[in-house]
Amino acid sequence: MQTDNKEKNEAPTVKLVRFDLADLSVLNELFEVVLYDVVRRSNMVSSGQLKQEEAIAMDKQSAAFLSAVLAGKNEQFISKPYWTGDPLAGYLKLYMKERFEKVGVHENQLSDTRAVLQAAAFEFICDVYSLMKQFAKKQTAEGFQEEAKRLCLMWAERMLGRKESDPIEF
């Protein structure tokens, strides 16, 4: 009797780990991953290891990844019922209306869920750059990590439609 996959000549099964988008800590960690990717790329541009144009393209890819997750289009993440995707995009379109207008993103550019979520994800990346710029002016990285964690938590709370417990303004 064969009970082992190897004995049956079958590929071993891989269990996909899934993360719940209703969990604040999952969203917080998601934003932290994107933040540290942006910081890493920025450092690579500063040291000449990466061209500015390449970093911008990679930032756009990060925004696309983040927006796909928030749209419920990534199978590693479990959608929050009645929130992930269209409801979240509708909320962000209203909640971030002034911010979108301020950076030149107009109502007609936010015509679908994907466009709204990508615009919001790119605004997060812009916040990361603003935070880095703020600390570059101080000529010290001291406190950056703490502020970066605050920024990620703020955005995670925003993505759940919660009141931001410790908002950061730029």
Side-chain angles (χ1 to χ4, degrees), residues 15-42 55-137 141 143-170:
K15 185 173 180 172
L16 180 66
V17 176
R18 299 188 72 203
F19 303 97
D20 189 352
L21 289 175
D23 184 337
L24 180 63
S25 65
V26 167
L27 281 166
N28 189 48
E29 192 170 324
L30 177 65
F31 281 101
E32 284 182 3
V33 166
V34 173
L35 178 137
Y36 285 107
D37 277 348
V38 172
V39 170
R40 182 183 51 81
R41 282 193 292 273
S42 178
I56 291 169
M58 293 168 96
D59 286 344
K60 288 178 182 177
Q61 288 176 335
S62 289
F65 164 75
L66 188 54
S67 65
V69 169
L70 297 172
K73 304 293 184 191
N74 185 311
E75 64 183 36
Q76 281 190 288
F77 294 87
I78 301 166
S79 296
K80 180 180 177 186
Y82 309 107
W83 186 250
T84 301
D86 291 339
L88 173 58
Y91 167 76
L92 292 173
K93 191 173 180 180
L94 292 173
Y95 184 81
M96 296 183 67
K97 183 180 188 324
E98 288 178 22
R99 176 149 182 193
F100 288 148
E101 289 171 355
K102 187 177 176 182
V103 297
V105 177
H106 302 285
E107 179 80 22
N108 62 341
Q109 295 171 298
L110 302 172
S111 59
D112 62 15
T113 298
R114 181 180 172 271
V116 174
L117 295 176
Q118 274 201 294
F122 204 73
E123 284 306 301
F124 169 71
I125 290 171
C126 290
D127 279 358
V128 173
Y129 280 111
S130 293
L131 187 62
M132 288 188 309
K133 186 176 180 181
Q134 189 178 63
F135 277 87
K137 286 180 183 176
F144 177 79
Q145 194 168 27
E146 183 178 321
E147 289 300 297
K149 287 189 179 297
R150 282 183 58 211
L151 180 67
C152 291
L153 177 60
M154 179 187 85
W155 274 89
E157 290 169 336
R158 183 176 293 171
M159 293 306 119
L160 287 172
R162 294 184 182 180
K163 183 178 182 206
E164 296 162 7
S165 60
D166 192 12
I168 296 177
E169 298 288 327
F170 295 102

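These numbers come from the heavy atoms of this one structure, side chains and all, not from hydrogens, waters or symmetry mates.
Shown here are the side-chain hydrogen bond (donor to acceptor under 3.5 Å, both in side chains) partners of D20, two or more places apart in sequence or in another chain: there are none. For R40, the side-chain hydrogen bond (donor to acceptor under 3.5 Å, both in side chains) test picks out no residue, with sequence neighbours left out. Under the rule for a ring pair (Phe, Tyr, Trp, His ring centres under 6.0 Å), the partners of F144 that lie at least two apart in sequence or sit in another chain are F135. In this structure, E98 has no salt bridge (charged side-chain N to carboxylate O under 4.0 Å, His left out) partners at least two apart in sequence or on a different chain. Not a single ring pair (Phe, Tyr, Trp, His ring centres under 6.0 Å) links F100 to another residue, sequence neighbours left out. Evaluation of the side-chain hydrogen bond (donor to acceptor under 3.5 Å, both in side chains) rule for E107 yields K93 as partners, not counting sequence neighbours.
Of the inter-residue distances, the one linking F65 atom CZ with K73 atom NZ reads 15.0 Å to the nearest 0.5 angstrom. Atom CG of D23 is separated from atom CG of L30 by 11.5 Å, given to the nearest 0.5 angstrom. One finds the CE atom of M96 at 5.5 Å from the CD atom of E123 (value rounded to the nearest 0.5 Å). Between atom OG of residue S67 and atom NZ of residue K60 there is a gap of 13.5 Å, rounded to the nearest 0.5 Å. Taking CG of L131 as the start and SG of C126 as the end, the distance is 13.0 Å to the nearest 0.5 Å. Rounding to the nearest 0.5 Å gives a distance of 8.0 Å between CZ of R41 and CD of Q61.
Here the shortest heavy-atom pairing between R158 and Y95 reads NE-CE2, 3.4 Å. Between G85 and L117, the closest heavy-atom pair is O-CD1, 4.3 Å. Of all heavy-atom pairs spanning H106 and G104, the tightest one is CD2-O, 3.4 Å. F124 and L66 get closest at one heavy-atom pair: CD2-CD2, 4.2 Å. Scanning all heavy atoms of the two residues, the minimum distance from T84 to L70 falls at CG2-O, 3.1 Å. Residues K149 and E32 approach most closely at NZ-OE2, 3.6 Å, considering heavy atoms.
Atom OH of Y82 has 12 or fewer heavy atoms from other residues, nucleotides or ligands within 6.0 Å. Around CD of E29, the count of heavy atoms belonging to other residues, nucleotides or ligands within 6.0 Å does not exceed 12.
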| How far apart are the C-alpha atoms of W83 and L21, what are their side-chain angles, what is the distance that settles it, and do they pass the side chain to side chain contact (heavy atoms under 4.5 Å, CB included) test? | CA-CA 9 Å; W83 186 250; L21 289 175; over 6 Å; no
| message | Evaluate Y129 against D59 for side chain to side chain contact (heavy atoms under 4.5 Å, CB included), listing each step before the verdict. | response | CA-CA 11 Å; Y129 280 111; D59 286 344; 2.6 Å; yes
| task | Take F31 and M154 through the side chain to side chain contact (heavy atoms under 4.5 Å, CB included) test and state the conclusion after the steps. | result | CA-CA 10 Å; F31 281 101; M154 179 187 85; over 6 Å; no
| task | Decide yes or no on side chain to side chain contact (heavy atoms under 4.5 Å, CB included) for R162 and L24, but give the supporting numbers first. | result | CA-CA 10 Å; R162 294 184 182 180; L24 180 63; 3.3 Å; yes
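Salt bridge annotation for R150-E147: present, with a cationic side-chain nitrogen under 4.0 angstrom from a carboxylate oxygen.
N74 contributes no side-chain N or O that, together with a main-chain N or O of A68, makes up a donor-acceptor pair within less than 3.5 Å.
The residue from V128, L35, D127 that alone fulfils the side chain to side chain contact (heavy atoms under 4.5 Å, CB included) condition with W155 is D127. Looking at V105, L110, L88, L94 one by one, the single match for side chain to side chain contact (heavy atoms under 4.5 Å, CB included) with V116 turns out to be L110.
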